[in-house]
Amino acid sequence: VTRETRTKKDTFNSVMTGYSKVKNERQDLRRSCRIETLYINFKDLSWTDWIIAPDGYPAFYCAGECNFPLNAHMNATNHAIVQTLVHLMNPLRFPKPCCAPTRLNPISVLYYLDDHNVILKKYKKMVVKSCGCH
Amino acid sequence: CSRSGIYIDNGFDQTAIERTMTRDEKREMELEILSLLGLPKRPRTISKNPLKRSAPRFLLDIYKTLMDADNEDDQRAKRSVDVYLSGEEQNQIDESDIIMTFESANDHVPNVRHERGKRLWFNASDVPVAEDVVGAELRIYKGNGKDMKNVDAVYTITVYQLIKTDEGDKELEYISATNVTAGFTGWISLNLTRCLATWVAFPNLNKGLYLSVHPVSRPGHEVRPEDIGVVTVKAEDEQQPFMVAFLRAANNIKPR
């Protein structure tokens with residue numbers, strides 16, 4: 001009886017562990033390094049009377065963790081693997097690799113300085129195109 | 001759904017985020033974005049239908065050209081922009097971080113020694129002193145002139161800078177010139193790089209420009225610009241003369 005109970009308990013634990021594992025994997029997947037949406041709509045901010053173009057600023061951002069194995073993440077650098085190993089050896093002292101933009105695009109904004117003069121300004125590296133572990 | 005103007009995709013319900021953002025917080029975030037874009041405060045109220053004017057339309061065309069260049073998937077064949085850019089202008093656009101346009105104001109320069117030419121003045125006080133001037137040009141529109149008997153007749157359009165001598169007299173300093181035929185219609189550009197550099201460094205020396213037109217065959221015979229169709233003042237919105245400045249941002253980023 002004791003043995004059976006233990007078996008049932010083990011089975012229950014095994015099922016629960018499996019459930020937790022799936023849940024954790026989902027969380028990990030959700031928390032892994034990836035590009036996320038951040039959009040600033042100039043129209044909703046009532047800026048379109050003086051910002052001629054564009055309609056908004058699609059900034060995006062990178063968020064999530066860089067956990068081992070790194071090949072599950074997008075665009076991990078070789079050195080991110082080294083950083084991960086260092087982190088695994090001493091997690092409290094050395095941080096994990098960072099989830100950061102790997103490719104950034106410029107954005108141009110066309111707006112009025114005043115009633116007569118107009119300006120077109122280029123901003124370098126303002127829009128995230130891809131993220132990765134560094 | 002949000003009226004805040006800021007949309008983020010972080011797995012949370014957007015409406016929940018909106019509820020947590022107060023009006024002050026939204027305003028603070030707006031100011032942060034404005035500050036990031038180098039716009040600490042909004043400009044004054046803009047007149048209605050501003051995009052009918054030539055200068056904003058010119059810059060909008062350049063903006064669309066830049067967008068095409070950035071977006072490699074959209075080939076240039078898709079471009080709906082009809083803007084003619086010379087090789088030099090294209091280089092200036094590529095090199096510059098800021099492109100500004102200035103509409104002409106004709107009522108600023110007092111008595112100037114001239115006969116039939118036209119005065120133009122541009123308010124260049126908004127140009128940041130720290131920026132490097134890559135180039136500047138005057139863009140004027142030439143339509144059909146009154147006397148179109150000989151469309152092949154060639155005219156020289158010369159632009160001078162008004163300077164004040166040590167004696168206090170106003171003199172004309174040659175800046176640049178170009179030749180056009182009487183039958184030509186379209187935009188003409190004249191190099192003003194030297195002028196703008198002076199006006200940015202010494203704003204008080206900005207006394208404006210003097211535009212002179214004469215036949216190539218008779219250099220001493222000045223004609224009115226409007227006689228050959230050059231539009232200077234009292235122009236339609238889309239034909240107003242304007243100045244373009246190409247600037248390169250300095251690398252001194254202010255700490256925030």
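Letters A, B, ... are given to chains in the order of the sequence lines, protein chains preceding strands, and every chain is numbered from 1.
What you find for A/Asn117 and B/Glu103 is that their closest heavy atoms are OD1-N, 3.5 Å. Closest approach of B/Ser96 and A/Lys122 over heavy atoms only: O-NZ, 2.8 Å. Closest heavy-atom contact between A/Ser108 and B/Tyr63: O-CE1, 3.2 Å.
Among the candidates A/Val118, A/Leu113, A/Leu120, the single residue satisfying the side chain to side chain contact (heavy atoms under 4.5 Å, CB included) test with B/Met100 is A/Leu113. For the side chain to side chain contact (heavy atoms under 4.5 Å, CB included) with B/Leu59, the lone residue among A/Ile52, A/Leu110, A/Ile119 that qualifies is A/Leu110.
Within 6.0 Å of CG on B/Asp132 lie more than 12 heavy atoms contributed by other residues, nucleotides or ligands. Annotation: A/Asn90, atom CG; neighbour count of heavy atoms from other residues, nucleotides and ligands within 6.0 Å is above 12. Residue-environment remark: CD (B/Glu95) exceeds the threshold of 12 foreign heavy atoms within 6.0 Å.
By the 4.5 Å heavy-atom criterion applied to side chains, B/Met29 and A/Ile40 are not counted as neighbours.
Of the listed residues B/Leu247, B/Ile98, B/Asn123, B/Asp126, the one with more heavy-atom pairs under 4.5 angstrom with chain A than any other is B/Ile98.
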Practice problem: Kindly determine whether B/Leu36 and A/Met126 satisfy side chain to side chain contact (heavy atoms under 4.5 Å, CB included), including the steps that lead there. | Solution: CA-CA 10 Å; B/Leu36 179 71; A/Met126 288 291 285; 3.8 Å; yes
